[in-house]
Amino acid sequence: MSTGHSKAAKEFLKNQTYAKWHDATFWAVRSKRDNMAYGLDEWEQLREKASQIKRHTITHLDEYLDQFATNAEKNGCIVHWAKDANEFNEIVYGILKNHNVKKIVKSKSMLTEECGMNPYLEEHGIEVVETDLGERIIQLKGQAPSHIVMPAIHLNHDDVGELFEEKLGSEKGNHDPTYLTYVARLSLRNEFLTADAGMTGGNFGIAETGDIVVCTNEGNADMSTSCPKLHIAAIGLEKIIPNYDCLAVFQRMLCRAGTGQPTTTFTSHFRKARPTAHPMHIVLVDNGRSEWIGNPEHWEALKCIRCGSCMNTCPVYRRSGGYSYSYFIPGPIGINLGMLRDPQKHSGNVSACTLCNSCQTVCPAKVNLGDQIYLWRQQLDEFGTANPEKKLICKGLGTVYGSSGIYNLGTALAHWANIIPSPLMNCGLNPWAEGHKMMEFPKKPFHKLIKEIEK
Amino acid sequence: MSNKEDILKKYRANVREKYDMPDLSDIKAITYNDPLVQFIKMTESVGGHVIEVKEGQDINELVKEMYPDAKEIASNLPEVTIATRNPDTVGRARDLNGTDVGIIRGQFGVAENACVWIPQTMKEKAVCFISENLVILLPKSQIVNNMHEAYKRIKFDETYDGYGTFISGPSKTADIAQVLVMGAQAARSATILLLPE
């Protein structure tokens with residue numbers, strides 16, 4: 001009866017020391033977020049405004065996209081439109097080929113991850129160097145991110161130390177995070193200076209000015225675009241917002257919600273190429289978004305600003321890690337985006353939720369993440385991904401709950417199950433006993449107790 | 001290749017219900033009795049340093065005192081006379097690599113999060129990131145409370161009108177085992193010199 005997620009989570013939980021560290025680390029990030037939120041009286045007001053701005057913007061996105069593109073072109077940028085991942089990769093490769101680019105440095109972008117851009121470019125002979133430290137680590141390791149903001153959170157300093165010894169020639173046995181960060185700094189410095197192009201994602205696109213706004217702590221987006229003569233920015237359609245007044249709301253929330261900092265170190269506005277560089281290219285990517293907006297129950301997933309707070313707080317993510325999910329974005333938002341992308345492939349994730357709704361309580365854009373996961377579960381039969389055993393059980397329970405006679409008989413007799421010897425109940429044949437002990441049934445069912453009290 | 005119209009047409013056709021833009025003028029954003037005090041506190045909490053420059057004090061002397069071993073100092077500011085490199089006249093941006101101290105100007109600071117608005121005012125903006133240590137000159141009267149006020153004020157430079165950034169403290173990362181390290185890819189230290197009127 002196990003889903004893909006629970007099978008993968010079992011692997012994650014084999015290393016209990018690490019699993020506990022993972023859980024505690026993300027809970028600490030959640031607590032930092034709370035401190036930030038409680039430090040502003042207007043926090044809940046900001047969340048409500050953020051949600052309303054996003055609802056407005058994504059339901060008028062055709063107008064704002066047009067305005068954004070018009071202004072970006074007026075600024076001197078070259079704007080491209082990609083309907084899907086394939087087109088996006090072809091466009092980026094085309095630009096790089098035109099400029100005879102051999103190597104690009106890039107800042108973190110979940111969009112390029114979504115489109116599989118790195119492997120595509122590498123197949124076409126272009127060297128791609130990730131410059132966010134976490135992204136660089138997993139790139140050297142040949143892995144995918146396990147969190148959208150902290151991509152290398154699944155590795156400890158010894159893992160990174162050993163990796164750097166092998167790949168970057170760091171001192172043997174020196175696994176001090178400060179030392180390792182400087183080793184990466186030196187190595188990346190060389191990449192920044194020798195790359196032919198820099199690529200960034202975009203946290204926001206501003207319709208009124210044509211700015212691409214990128215938020216980083218490391219300054220790697222700025223380094224990536226300060227030396228190379230070509231800048232390509234890739235941005236999903238839904239990242240466009242109307243103006244600076246709206247941006248102020250999101251800038252204040254993005255980092256407070258995501259990492260518990262008052263701001264990212266850098267909030268950079270790219271309006272056009274620097275005077276000594278080629279014109280800047282902006283690639284706007286649809287890749288499903290224009291369909292998702294039409295989904296009556298799930299369109300609000302497009303409000304997401306990718307802060308990561310929903311995964312930080314999620315009790316299931318904290319205890320199962322990013323690799324337990326089949327979609328490349330884990331946690332509550334990843335469950336929903338995965339289902340929008342391909343429900344047949346990603347249905348295994350919808351059970352990775354206790355419906356505690358902590359995610360939608362912290363989400364700065366008020367995406368109804370937990371409610372959406374609940375709704376996806378109702379559709380599994382339609383997708384042909386419902387579990388046959390669970391279906392059978394639900395049918396059986398439907399009969400029990402549908403008839404007070406059967407229900408009362410059942411609860412009256414249930415306590416006889418207590419005398420079944422534990423090894424028979426808590427064994428591999430009983431899927432409910434996996435990971436927890438079976439409950440003891442009370443001798444007096446609740447209905448009987450209540451009736452006695454009422455007498 | 002797809003064109004803009006195809007994508008916009010498809011998107012437009014799939015939108016179901018339209019929502020209005022909320023009124024943002026009623027946001028009760030945080031303000032401070034003394035924004036400057038809050039700005040200094042926040043700058044220190046994000047790992048930056050703040051020095052209040054006294055009336056008549058020479059910035060060049062101050063920087064030399066702060067970084068006695070600095071060999072390469074980059075700046076295009078007229079009041080900086082100790083610069084060995086100028087981001088306006090370097091051949092290539094990468095020639096600024098190896099800068100020990102970069103000195104730039106900030107327009108205004110934001111009390112709630114220590115951001116300083118830095119529009120590009122030099123040919124090569126690399127100086128803002130590539131320098132090992134960053135020194136930002138900021139008039140101390142120019143502090144706003146929060147980002148709402150900040151975004152009403154930001155302006156790009158007239159000559160270099162393509163880029164501007166908010167910087168809050170030094171470059172940092174916690175990507176290795178969540179240990180905070182200052183100096184990821186950009187400046188390892190950031191010092192705000194608060195200038196008198």
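A note on names: the letters A, B, ... follow the listed sequences, proteins ahead of strands, and every chain is numbered from 1.
In terms of heavy-atom pairs under 4.5 angstrom with chain A, the leader among N14(B), N146(B), V46(B) is N14(B). Counting heavy-atom pairs closer than 4.5 Å to chain B, the top-ranked of the candidates Y182(A), F192(A), W292(A) is Y182(A). Interface summary for chain B: among W299(A), F270(A), F266(A), the most heavy-atom pairs under 4.5 angstrom belong to F266(A). Chain B forms more heavy-atom pairs under 4.5 Å with one residue of D41(A), N156(A), T225(A), T216(A) than with any other, namely T225(A). No other option in N243(A), T276(A), D211(A) has as many heavy-atom pairs under 4.5 Å with chain B as T276(A). Each of N220(A), T209(A), V79(A) has some count of heavy-atom pairs under 4.5 Å with chain B, and the biggest count is that of N220(A). For the options A277(A), P262(A), G219(A), heavy-atom pairs under 4.5 Å to chain B are most numerous at P262(A). For the options P170(B), G164(B), A187(B), heavy-atom pairs under 4.5 Å to chain A are most numerous at G164(B).
Contact of T25(A) with chain B is made through the side chain alone, with heavy-atom distances under 4.5 Å. The contact between R185(A) and chain B is made by backbone and side chain atoms together, counting heavy-atom distances below 4.5 Å. The contact between C246(A) and chain B is made by backbone and side chain atoms together, counting heavy-atom distances below 4.5 Å. Interface remark: L46(A) contributes side-chain atoms only to the contact with chain B (heavy atom separation under 4.5 Å). Only the side chain of Y160(B) comes within contact range of chain A, judged by heavy atoms closer than 4.5 Å.
Side-chain contact annotation: N133(B) with R188(B), donor-acceptor N/O pair under 3.5 Å absent. Between the side chains of N217(A) and T264(A), not a single donor N or O lies within less than 3.5 Å of an accepting N or O.
Proximity of the aromatic rings of H154(A) and Y18(A) is defined here by a centroid distance below 6.0 angstrom, and this criterion is not met.
With L180(A) as the fixed residue, the side chain to side chain contact (heavy atoms under 4.5 Å, CB included) test singles out one of L163(A), I137(A), V160(A): V160(A).
Within 6.0 Å of CG on D23(B) lie more than 12 heavy atoms contributed by other residues, nucleotides or ligands.
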